[in-house]
Amino acid sequence: MAGPATAGSVREALAGATDALRAAGIEEARFDAEVLLEHATEWGREKLAAEPDARVPAAEGRRFAEMVRRRVRREPVAYIVGVKWFRNIELAVDHRVLIPRPETEMLVELALELRPDRALDVGTGCGAIALAIADELPRCEVVATDTSPGALEVARVNAERLGLAARVRFLEASVPEGEEFDLVVGNLPYVAEPDWASLQPEVTEWEPREALLAGRDGLDVIRDLLPGCVCCLRRDAKGEANGDGVLALEVGEGQAAKVAEMMREAGLAEVDTRADLSGIPRIVIGRRGAPA
Ligand code: GLN
């Protein structure tokens with residue numbers, strides 16, 4: 001018997017793979033099958049859509065079958081194909097880094113509004129936020145930190161691939177010392193331990209735990225790093241309107257009010273939250289207040 005995704009036509013390959021993925025409990029089975037076949041054949045969506053009767057060559061068919069087998073085990077598509085789009089850049093990703101999520105693009109949108117001269121991305125992972133800011137704000141000097149050497153390796157490769165290596169400085173640290181920034185952003189780990197079991201297997205079985213889990217309430221990492229983040233916010237010396245540095249953190253559902261309170265306690269002013277497309281308060285923003 002042929003496996004679910006062995007050769008045949010594009011139509012047959014997609015039908016077989018969709019069935020196999022659906023049986024594995026994957027909701028977007030058809031879509032995932034299309035993305036995997038696109039990568040296995042390197043044919044592009046248009047050709048796959050326009051030529052359902054085209055024969056999938058044997059080597060490509062085998063590659064596709066292997067990709068489908070991995071997806072059946074609930075490995076995320078992004079790890080299987082090795083890349084993920086974020087804003088206008090394609091990032092290499094593997095099991096050492098969290099796969100960038102669309103809601104995290106909100107932090108880049110904020111950077112575009114604020115137009116910082118110097119920006120810091122705390123816990124950069126694959127480099128998504130830092131590299132997107134460097135890509136979209138060509139005059140901004142960007143620093144990115146991570147405590148995971150594996151993640152920094154991925155981020156540096158991405159910087160090279162994107163031609164942004166000269167514009168982004170990566171540091172193995174939680175927060176850099178003795179530096180000042182107009183904007184500090186971070187998508188730090190924020191999953192609460194009791195919520196772990198309810199997450200998709202794509203997350204719990206494949207993504208790096210240290211990029212996700214943050215203690216009982218999911219706020220341990222933010223709590224730890226908040227003072228350091230506040231310290232490296234620029235203090236306005238010239239009395240300019242909006243001259244003080246801004247901190248913006250992504251948070252999980254139900255965490256925004258608590259993080260806003262933590263920011264106020266840490267001395268930040270104008271603390272505000274912004275909701276994502278699902279209406280969930282997703283980023284918490286605060287400005288360094290005038291010194292007391
Ligand atoms: N958004 C991720 C998830 O839903 C969590 C990211 C994080 O912990 N920073 O799994």
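Just so you know, ligand 1 is whichever comes first in the structure, and atom 1 is the first atom listed for that ligand. Hydrogens, waters and symmetry mates are skipped; everything else that's a heavy atom, side chains included, is used.
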task: Report yes if the side chains of Glu172 and Pro149 come closer than 4.5 Å at any heavy-atom pair, otherwise no.
output: yes
message: Using side-chain heavy atoms (C-beta onward) and a distance below 4.5 Å, is Leu36 in contact with Val77?
response: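 In short, these two side chains touch, coming nearer than 4.5 Å.
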message: Using a 4.5 Å cut-off between side-chain heavy atoms of Ile, Leu, Val, Met, Phe, Trp and Tyr, which other residues end up in the same hydrophobic cluster as Leu249?
response: Leu120, Val122, Val143, Leu171, Val175, Phe181, Val184, Leu188, Leu219, Val221, Ile222, Leu225, Leu226, Val230, Leu233, Leu247, Val251, Val259, Met262, Met263, Leu268, Val271, Val284
Under 3.5 Å, side-chain donor or acceptor atoms of residues 78-86 against the rest of the protein: list the pairs with distances, not counting sequence neighbours.
residue : atom : partner : partner atom : Å
Tyr79   : OH   : Val97   : O            : 2.6

message: Assess whether a salt bridge exists between Asp217 and Arg223, defined as any Lys/Arg side-chain N lying under 4.0 Å from an Asp/Glu carboxylate O.
response: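 Arg223 and Asp217: salt-bridged.
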One pair per line, please: each N/O atom of ligand 1 matched with every protein N/O atom under 3.5 Å away, atom names first, then the distance to 0.1 Å.
residue  : atom   : partner : partner atom : Å
ligand 1 : 1 (N)  : Tyr190  : OH           : 3.1
ligand 1 : 8 (O)  : Tyr190  : N            : 3.0
ligand 1 : 9 (N)  : Asn187  : OD1          : 2.7
ligand 1 : 9 (N)  : Leu188  : O            : 2.7
ligand 1 : 10 (O) : Arg101  : NH2          : 3.3

- request: Please identify each residue that fulfils side-chain hydrogen bond (donor to acceptor under 3.5 Å, both in side chains) with Asp53, with sequence neighbours left out.
  value: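 Result, side-chain hydrogen bond (donor to acceptor under 3.5 Å, both in side chains) vs Asp53: Arg11.
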